[in-house]
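Encoded as structure tokens, the structure appears first; notes follow it.
This is a predicted model, so every value here is computed, not measured. Residue numbers begin at 1 in each chain, while the letters A, B, ... track the order of the sequences.
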2 protein chains.
Amino acid sequence: MTTETIMVIDDDQDLRESIVEILEDNNFSVIGCETAEAALQQIRFEVPCLIIVDNMMPGMGGMAFLPLVKNDYPKIKVIMITAFSTVDNAVSAMKSGADDYLAKPFKRDELLVAVKRNLEVLKFEQQLSKPGMDETLACLSNPIRRQILAALSLKGEMRFMDITRHLGVSDHTKVNFHLKNLKANDLVSQDREKAYRLTAHGAKMVDYLHVLSQEIS
Amino acid sequence: MTTETIMVIDDDQDLRESIVEILEDNNFSVIGCETAEAALQQIRFEVPCLIIVDNMMPGMGGMAFLPLVKNDYPKIKVIMITAFSTVDNAVSAMKSGADDYLAKPFKRDELLVAVKRNLEVLKFEQQLSKPGMDETLACLSNPIRRQILAALSLKGEMRFMDITRHLGVSDHTKVNFHLKNLKANDLVSQDREKAYRLTAHGAKMVDYLHVLSQEIS
DNA sequence: CTATCTCGTGAAGTTAACTTCACAGAAATT
DNA sequence: AATTTCTGTGAAGTTAACTTCACGAGATAG
């Protein structure tokens, strides 16, 4: 289960506490704030993954609050609570960057559905920006490195000069450059006697590339 | 079936013609040459995918021939025919760049097995160096572009400024740069009313990225 | 009708990726 | 023992990728 924090901002104490309670009942970790200003302070100490904020509040309203948060933490999902469910309110909330909205009055289930939907979206997006994704894909995007992987996949184990000759590359230091890159990305390893071989991860990536090659051309 | 050309180089006319015949019986397109020198000329007109060359020949032998071919056409597979099946011969043939060897005398099936095995290896290697592979992987290796893909995958269709705000990028021209890249790689398209959406190919790539994200961490 | 927002181009400027070159110690050969 | 081959390092140099800036035409809103 996700144990990330959800922030609830509403000046109406009754509503705020009831939202907090509903969420806590569903095993979310929740922080309640009475004003947007207080929330901005609080975020500095603990960054929530989702914020539920009322549009109409004394002081800073949800609309003003939104860009401030999104600017510093674009990944945080924000659900706006709008007073009346006019189309205008909803549209303007979404246009100014809200990820979702709840029209007052809303039911317990509507709240939970919205929260869970947005957490799913967050999870989806985070998968594609996983650390290591960049490096791995960039590493695989080079034809020489893929050729090295292919060669190692077929022969199992190769020495440095064997690889260089096998690729027909004139400058051996170029091969060395790419081997270092492959090692840094944990696709290739070097054993006791200096021989290069695929790591388990490297072997998986070779499989992955073959599957991918079906889709390409 | 593969209809690529195989080249057979042997000064012994009987052996050469019998190899050619065996291969032609198996629906390969074959060119026979009596000398390595003649073969080098011939290659300029038609590049074979595999060469079977005798080690011992008057004039240029297989050992001298090998580096000349591999230098200009590193992808061509070369099977060396060695006179005696001593370990030395085999090892030195492989060390100088031969992909496989056949010890005289060899049987019809030994020849066919070796040829087919090497064509399989060739196919394997070619899959990983398919054109378009580079560009696609490089395109996917950028986090902003993956975020755009994720957003389009979730929302189905987005306008330019919606994407820009959704990513929390201050400079819209940066987003434009990456969108152009995605369009150039056929992952994203733009319809009549300027709205961006995933192409079929782009949607598949999003799926593949999710598969990959399982493999990564 | 003026002002703002949208969506885009193109030219620098910057950073990262890749290549090439010069050199060198360790290992294997002769 | 001398020499070649193997396996590297590190410093330029080059090219490609990305970012930023300046500008503008067309739509939309006030």
What I want to find out is whether [X] reaches [Y] closely enough, with some N-O distance under 4.0 Å, to be called a salt bridge.
{"X": "A:D100", "Y": "A:R117", "result": "yes"}
{"X": "A:D186", "Y": "A:K183", "result": "no"}
{"X": "A:R146", "Y": "B:D134", "result": "yes"}
{"X": "A:K130", "Y": "A:E125", "result": "no"}

Please report, rounded to the nearest Å, how far the [atom2] atom of [N] is from the [atom1] atom of [X].
{"X": "B:M161", "N": "D:dT28", "atom1": "CE", "atom2": "C1'", "result": "14 Å"}
{"X": "B:F160", "N": "C:dC5", "atom1": "CZ", "atom2": "C1'", "result": "12 Å"}
{"X": "B:H166", "N": "C:dT6", "atom1": "NE2", "atom2": "C1'", "result": "19 Å"}
{"X": "A:N181", "N": "C:dA17", "atom1": "CG", "atom2": "C1'", "result": "9 Å"}
{"X": "A:Q190", "N": "D:dT7", "atom1": "CD", "atom2": "P", "result": "9 Å"}
{"X": "B:E135", "N": "D:dA17", "atom1": "CD", "atom2": "P", "result": "9 Å"}
{"X": "A:L182", "N": "C:dC18", "atom1": "CG", "atom2": "P", "result": "11 Å"}
{"X": "A:N185", "N": "C:dA17", "atom1": "CG", "atom2": "P", "result": "10 Å"}

Review item, nucleotides 19-26 of chain D N/O atoms under 3.5 Å of protein N/O:
residue	atom	partner	partner atom	Å
D:dT19	OP2	B:H178	NE2	2.7
D:dT20	OP2	B:K174	NZ	3.3
D:dC21	N4	B:T173	OG1	3.1

Could you work out which one of C:dC7, C:dT9, D:dG8 sits closest to the side chain of A:Y196? D:dG8

Any side-chain N or O of [X] under 4.0 Å from OP1/OP2 of [N]?
{"X": "A:K180", "N": "D:dT9", "value": "yes"}
{"X": "B:R159", "N": "C:dC7", "value": "yes"}
{"X": "B:R165", "N": "C:dT6", "value": "yes"}

Identify whether any heavy atom of A:E193 sits under 4.0 Å from a base atom; if not, whether one sits that close to sugar-phosphate; answer base, sugar-phosphate or nothing.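 The residue A:E193 makes no contact with any strand.
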
Please compare B:L179 and A:A138 by the position of their nearest nucleotide in DNA chain C and report the one closer to 5'. B:L179

What's the shortest heavy-atom distance between B:I76 and B:P48, and which atoms? CG1-O, 3.4 Å

For the residue pair A:K77 and A:K70, what are the closest heavy atoms and their distance?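 Distance-wise, the nearest heavy atoms are CA-NZ, 4.3 Å.
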
For the CD1 atom of B:I79 and the CD1 atom of B:I51, what is their distance to the nearest 0.5 Å? 10.5 Å

